[in-house]
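Here's the structure, in structure tokens; my notes come after.
In the text below, chain A, chain B and the rest are named by the order of the sequence lines, each starting its count at 1.
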2 protein chains.
Amino acid sequence: MLPYKELANLDKIVHEPARLSILTALSACTLAEFLFLQELTGLTKGNLSSHLSKLEKANLIVIDKHFVRKKIPQTTIRITSEGKAAVDQHWKQLLSIHQSIRHHGANNENRSAPNPLSINQALT
Amino acid sequence: MLPYKELANLDKIVHEPARLSILTALSACTLAEFLFLQELTGLTKGNLSSHLSKLEKANLIVIDKHFVRKKIPQTTIRITSEGKAAVDQHWKQLLSIHQSIRHHGANNENRSAPNPLSINQALT
DNA sequence: AATAACTGGTTTGTGATATAAACTATTAAT
DNA sequence: ATTAATAGTTTATATCACAAACCAGTTATT
């Protein structure tokens, strides 16, 4: 696909900043606690909670709510293999798009611009 | 800033896929026509129009509406220096965050996980 | 000349989204 | 007994992205 179209069509479930942060953090550890994740990302609890729900619904993470010593509630989160694949692929895609545009751009930077229309031609 | 927090706080005006596409495309040319930009990004007219308005309001682009041979309406768009700086910086930021996480992650991948809490410690 | 169809966009409606404030349920401290 | 803290969830709101509908001018068609 053309890089600009690919850019415009990025998966928003993954691309959204809070969720990209969550998924990227989770992809670096086997398990994370809710509060740890909150500290890491700097999100508010409410915000984190709703993003986690969204990610769970998309099968990108698994949420486990349990009690420590049958007393203290604790929510732990794992990334699924699907989630890991999605976030890895997303970063790859971003880098690859950036590369492809950098090359493309370099070819056009020194091109003169006799009129607006010709510039458009140059970049297609 | 910590990379995960930085990730969660990315500037959404720039980060949003359609606008990242538009800004990135504009940063590679001196001037672009509305229809050209539409073809490049694959956005619908309405969608492109409203994203452009938003970018203009944020001073990231300048929109010029005029007529060709006093007849055909034509909208041309330029990125401002502020816009160019913003999109360049955004890409830099993405790459730098990715780098910093890649390094960080590599240090933890082979670490064993005796219990959930210790994992959290490992990654802070 | 009248009308239909096309161009080049803008405005409007709506369903989804991100966010923090308010809330809940349990435990710990005084 | 009351107050405060913990660990989150639910709710309310303001914003957003998106495409369908619209509009004004221009070019074909009859």
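- Taking atom CD of A/Gln74 as the reference point, atom P of D/dA5 lies 21 Å away to the nearest angstrom.
- Contact annotation: A/Thr75 side-chain N/O to D/dA7 OP1/OP2 distance is not under 4.0 Å.
- No contact: B/Leu48 has no heavy atom under 4.0 Å from any strand.
- Taking the side chain as every heavy atom from C-beta outward, A/Leu52 and A/Ile61 approach each other to under 4.5 Å.
- Nucleotides of DNA chain C nearest to A/Lys54 and B/Lys65 differ in position, and the one nearer the 5' end is that of B/Lys65.
- Both B/Ile22 and B/Ile63 are members of a single hydrophobic cluster when ILVMFWY side chains are connected at heavy-atom separations under 4.5 Å.
- Counting to the nearest Å, the P atom of D/dA7 and the CZ atom of A/Phe36 are 15 Å from each other.
- Rounded to whole Å, atom P of C/dA18 lies 12 Å from atom CG of A/Leu52.
- The aromatic rings of A/His15 and A/His90 sit tilted, their planes meeting at an angle between 30° and 60°.
- Atom CD1 in B/Ile77 sits roughly 13 Å away from atom P in C/dG8 (whole-Å rounding).
- Dashed line: the shortest gap from a side-chain N or O of A/His51 to OP1 or OP2 of C/dT17 is not under 4.0 Å.
- Atom CD of A/Glu39 and atom C1' of D/dG8 are 16 Å apart (whole Å).
- Under the 3.5 Å distance criterion, the side-chain polar atoms of B/Glu33 are left unmatched by any main-chain donor or acceptor of B/Leu35.
- Scanning for salt bridge (charged side-chain N to carboxylate O under 4.0 Å, His left out) contacts around B/Asp11 gives an empty result, with sequence neighbours left out.
- Residues meeting the side-chain hydrogen bond (donor to acceptor under 3.5 Å, both in side chains) test with A/Gln93, sequence neighbours left out: A/Glu6.
- Using modelled atom types, no side-chain atom of B/Thr24 and backbone atom of B/Ser21 make a donor-acceptor pair closer than 3.5 Å.
- Heavy-atom distances under 4.0 Å link DNA chain C to A/Glu16 of residues 5-17 of chain A, given in residue order.
- Between the CD1 atom of B/Ile22 and the P atom of C/dG9 there is a distance of 14 Å, given to the nearest Å.
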Sub-3.5 Å pairs of nitrogen or oxygen atoms, protein against nucleotides 19-21 of chain D:
{"from": "D/dA19", "atom 1": "OP2", "to": "B/Thr44", "atom 2": "OG1", "distance (Å)": "3.3"}

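- The residue among B/Phe34 and A/Arg19 whose nearest nucleotide of DNA chain C is located toward the 5' end is B/Phe34.
- Shown here are the side-chain hydrogen bond (donor to acceptor under 3.5 Å, both in side chains) partners of A/Gln99, two or more places apart in sequence or in another chain: A/Arg102.
- With sequence neighbours left out, the side-chain hydrogen bond (donor to acceptor under 3.5 Å, both in side chains) criterion links A/Asp64 to A/His66.
- With rounding to whole Å, B/Lys57 atom NZ is found 11 Å from D/dT15 atom C1'.
- In this structure, A/Ile63 places its CD1 atom 17 Å from P of D/dA7, rounding to the nearest Å.
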